[in-house]
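A short write-up of the structure that comes next.
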2 protein chains.
Amino acid sequence: MTSGAGTAAPGRALAHPDREQLALERVLHALADPVRLSVVGVLAETGEELPCSAFALPVSKSTCTHHFRVLREAGVIRQVYRGTAKLNALRRADLDARFPGLLDVVLTARRRADGT
Amino acid sequence: MTSGAGTAAPGRALAHPDREQLALERVLHALADPVRLSVVGVLAETGEELPCSAFALPVSKSTCTHHFRVLREAGVIRQVYRGTAKLNALRRADLDARFPGLLDVVLTARRRADGT
DNA sequence: CGTTAAGTACGAGAGTCATCGTACAAGGAG
DNA sequence: CTCCTTGTACGATGACTCTCGTACTTAACG
């Protein structure tokens, strides 16, 4: 339900960097953390918008909020309010446009070397 | 292995992680710094072994030593003593084997987005 | 309306990081 | 041998990060 005009958030909007403003170092830094890397991995695998609670991360809610903010501010994910939840989506198109191949390479590398 | 005998360092040898031990997060972290990223960029462009002093980095000598160590310990570069200087080489083959495409993608992204 | 679920805000604490300056070691040039 | 260049070692310092718990906001559900 809650369909109709806006699929999601009515008034509440979050700040996201523009595609052209994505900074490589910032993205790399966002990806250089095991918790965040696993979030990105799940988002990429499912290709869906997922609420924070769908990730079963080994950290507290506060820490969770922190990591999602880092990802959002780096431009890796897009967050949209939807009722009491907040949906997270990978900004694949923007990342691919700005840093072609980066996401795929990192995701592939993560899967192959995940034992380390 | 234990290379380094012929061309350069006589006795002094530095610790480098094995190819199979390169950790993605560690490499990403090493690359997520402007100073280190520029070092990697220069090494990739020239394809040569260069002494630390050839980089004209905007930091002090001590900081310079620090950054090169981070790169070496992440497995991004290989360092060899040669007289009073220390030559730095990009470990392209190892990186490409372990994380195919990563280096090229990052370097390409860096060139296009270097304005940020 | 009251309850519950999902996140946020706000500190706070421990740890790591980037930076520096100064003192030191080692090899090459004169 | 003496000096100079190159880089290391060793703190020290300030900033940022990751982590947490508790209190609060917001929306759905009955």
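As the structure is a computational prediction, the values presented were derived from the model and not from experiment. Chain A is the first sequence line, chain B the second, and so forth, proteins listed ahead of strands; every chain is numbered from 1.
Taking atom OH on A/Tyr81 and atom P on C/dG7, their separation rounds to 10 Å, with Å as the unit. Atom CD in B/Glu25 sits roughly 17 Å away from atom P in D/dT17 (whole-Å rounding). Between B/Arg72 atom CZ and D/dG7 atom P there is a gap of 14 Å when expressed in whole angstrom units. Between A/Leu87 atom CG and D/dA28 atom P the separation is 12 Å, expressed in whole Å. To the nearest angstrom, P of D/dC16 lies 11 Å from CZ of A/Arg26. Note: CZ (A/Phe68) to P (D/dC18) measures 14 Å, nearest angstrom. Remark: P of D/dA9 and CG of B/Leu14 are 9 Å apart, rounded to the nearest angstrom. A straight line from CG of B/Leu57 to C1' of D/dG7 spans 14 Å, rounded to a whole angstrom.
Pairs passing the salt bridge (Lys or Arg N to Asp or Glu O under 4.0 Å) check and including a residue from residues 51-74 of chain A, sequence neighbours excluded, do not occur. Within the structure, every pair that satisfies the salt bridge (Lys or Arg N to Asp or Glu O under 4.0 Å) test and touches residues 38-52 of chain A, not counting sequence neighbours, is listed here: A/Glu45-A/Arg111. Within the structure, every pair that satisfies the ring-ring contact (aromatic ring centres under 6.0 Å, His included) test and touches residues 17-59 of chain B, not counting sequence neighbours, is listed here: B/Phe55-B/Phe68.
Contact detail for B/Leu102 and B/Leu24: the closest heavy-atom pair is CD2-CD1, 4.2 Å. Residues B/Leu22 and B/Pro17 approach most closely at CD2-CG, 3.9 Å, considering heavy atoms. Scanning both residues, B/Ser38 and B/Leu57, for their nearest heavy atoms gives OG-CD2, 3.7 Å.
Annotation: proximity of residues 46-56 of chain A to DNA chain C (heavy atom, distance under 4.0 Å) is found for A/Pro51, A/Cys52, A/Ser53, numbered in ascending order.
Between the side chain of A/Arg78 and the backbone N or O of A/Arg91, no donor-acceptor pair lies under 3.5 Å. Remark: side-chain polar atoms of A/Arg110 are not paired, donor with acceptor, to backbone N or O of A/Gly41 under 3.5 angstrom. B/Arg36 places no side-chain N or O within donor-acceptor distance of the main-chain N or O of B/Leu71, the cut-off being under 3.5 Å. Side-chain atoms of B/Asp33 come within 3.5 Å of backbone atoms of B/Val35 as a donor-acceptor pair (strictly under, hydrogens ignored). Listed for the A/Asn88 side chain is a donor-acceptor partner under 3.5 Å among the backbone atoms of A/Leu50.
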Output one line per pair: protein atom, nucleotide atom from nucleotides 3-5 of chain C, and distance, for all N/O pairs under 3.5 Å.
none

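Distances from the side chain of B/Arg69 to the nucleotides C/dG7, D/dT8, D/dA9 place D/dA9 closest.
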**Report entry** Under 4.0 Å protein heavy-atom contact, by nucleotide of nucleotides 11-20 of chain C - B base, S sugar-phosphate only
**Finding:** ------SBBB

